[in-house]
Amino acid sequence: QQQVKQSPQSLIVQKGGIPIINCAYENTAFDYFPWYQQFPGKGPALLIAIRPDVSEKKEGRFTISFNKSAKQFSLHIMDSQPGDSATYFCAASKGATGTASKLTFGTGTRLQVTL
Amino acid sequence: GAVVSQHPSRVICKSGTSVKIECRSLDFQATTMFWYRQFPKQSLMLMATSNEGSKATYEQGVEKDKFLINHASLTLSTLTVTSAHPEDSSFYICSASSPLLVYGYTFGSGTRLTVV
């Protein structure tokens with residue numbers, strides 16, 4: 001059962017644009033929502049993460065918006081650059097940071113930022 | 001900080017042989033290690049979870065006798081693909097977790113396994 005649904009599957013934006021990637025979850029026990037960036041042939045790298053007690057979190061050009069009632073969260077990339085071209089995964093887990101809870105990943109979004 | 005070193009980054013082996021992949025947490029103690037498999041253009045699929053000193057917990061459909069996981073210390077976990085076949089060719093990624101990590105999880109750089 002896919003517990004975290006991610007869309008779109010792929011996205012092309014021009015440099016400077018603001019790509020938005022959306023995720024929806026089913027399990028209300030999830031309380032940790034990270035976003036990962038993955039380049040080809042590399043492991044995922046954490047971009048930003050949020051907990052359900054806040055509705056928005058910003059780190060540099062990356063912003064997470066979180067809607068607890070709708071069970072949705074999204075990633076916005078401000079002033080996107082060609083170097084942001086990568087695959088982005090949302091994820092969710094239960095339990096406090098650093099516990100042994102497994103991450104449930106979304107299906108991924110392939111982002112291409114053109115010049 | 002919070003670096004996980006995974007190697008080899010690439011390995012090619014013959015069918016029927018075994019391959020060992022190592023993940024080491026360099027600057028923290030990894031109480032839990034997760035092993036993932038990723039097919040091209042797909043998401044990460046959790047294979048198993050292991051806690052230091054305990055037997056690994058495998059996800060449904062993952063053959064524990066084929067994918068041997070050892071987590072003998074707080075800084076080292078290994079995944080051994082036994083009697084590898086071409087269908088085992090994939091990208092394998094480890095992830096370490098510790099109560100001391102701010103964001104809970106850190107990933108290795110992955111291992112590209114090709115079985116010929």
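Chain letters run A, B, ... following the sequence lines, proteins first, then strands; residues in each count from 1.
A single hydrophobic cluster is not seen to contain both B:Leu76 and B:Leu79; linkage of ILVMFWY side chains at heavy-atom distances under 4.5 Å, directly or through other members, places them apart. Residues B:Leu46 and A:Phe105 are members of one and the same hydrophobic cluster, defined by side-chain heavy-atom contacts under 4.5 angstrom among Ile, Leu, Val, Met, Phe, Trp and Tyr. Put simply, B:Tyr92 and B:Met33 are part of the same group of oily side chains (I, L, V, M, F, W, Y) that touch within less than 4.5 Å, one to the next. Residue B:Ile69 is grouped with residue B:Val11 when hydrophobic side chains (ILVMFWY) are merged at heavy-atom distances under 4.5 angstrom, including chains of intermediate members. Under a hydrophobic clustering in which Ile, Leu, Val, Met, Phe, Trp and Tyr are joined whenever their side-chain heavy atoms come within less than 4.5 Å, directly or via other members, B:Phe28 and B:Leu74 fall into different clusters.
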Exercise for the section: Decide yes or no on side chain to side chain contact (heavy atoms under 4.5 Å, CB included) for A:Leu103 and B:Phe34, but give the supporting numbers first. Expected result: CA-CA 9 Å; A:Leu103 284 168; B:Phe34 303 90; over 6 Å; no
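Proximity to chain A is absent for every atom of B:Gln60, based on heavy atoms less than 4.5 angstrom apart. B:Gln6 does not touch chain A: none of its heavy atoms, backbone or side chain, sits under 4.5 Å away.
Counting only distance, with no hydrogens or angles, the side chain of B:Ser43 and the backbone of A:Gly108 share no donor-acceptor pair below 3.5 Å.
Proximity to chain B at a heavy-atom threshold of 4.5 Å picks out A:Lys57, A:Glu59 from residues 55-72 of chain A, in numerical order. Residues of residues 33-49 of chain A lying under 4.5 angstrom from chain B, judged on non-hydrogen atoms, are A:Tyr36, A:Gln38, A:Gly41, A:Lys42, A:Gly43, A:Pro44, A:Leu46, A:Ala49 in numerical order.
Counting non-hydrogen atoms of other residues, nucleotides and ligands closer than 6.0 Å to NZ of B:Lys66 gives a total above 12. The local environment of CD in A:Gln14 is sparse, with at most 12 non-hydrogen atoms from other residues, nucleotides or ligands closer than 6.0 Å.
Most heavy-atom pairs under 4.5 Å with chain A: of the set B:Met45, B:Glu59, B:Arg112, this distinction falls to B:Glu59.
A pairwise comparison of heavy atoms in B:Gln38 and A:Phe89 identifies NE2-CZ, 3.6 Å as the closest pair.
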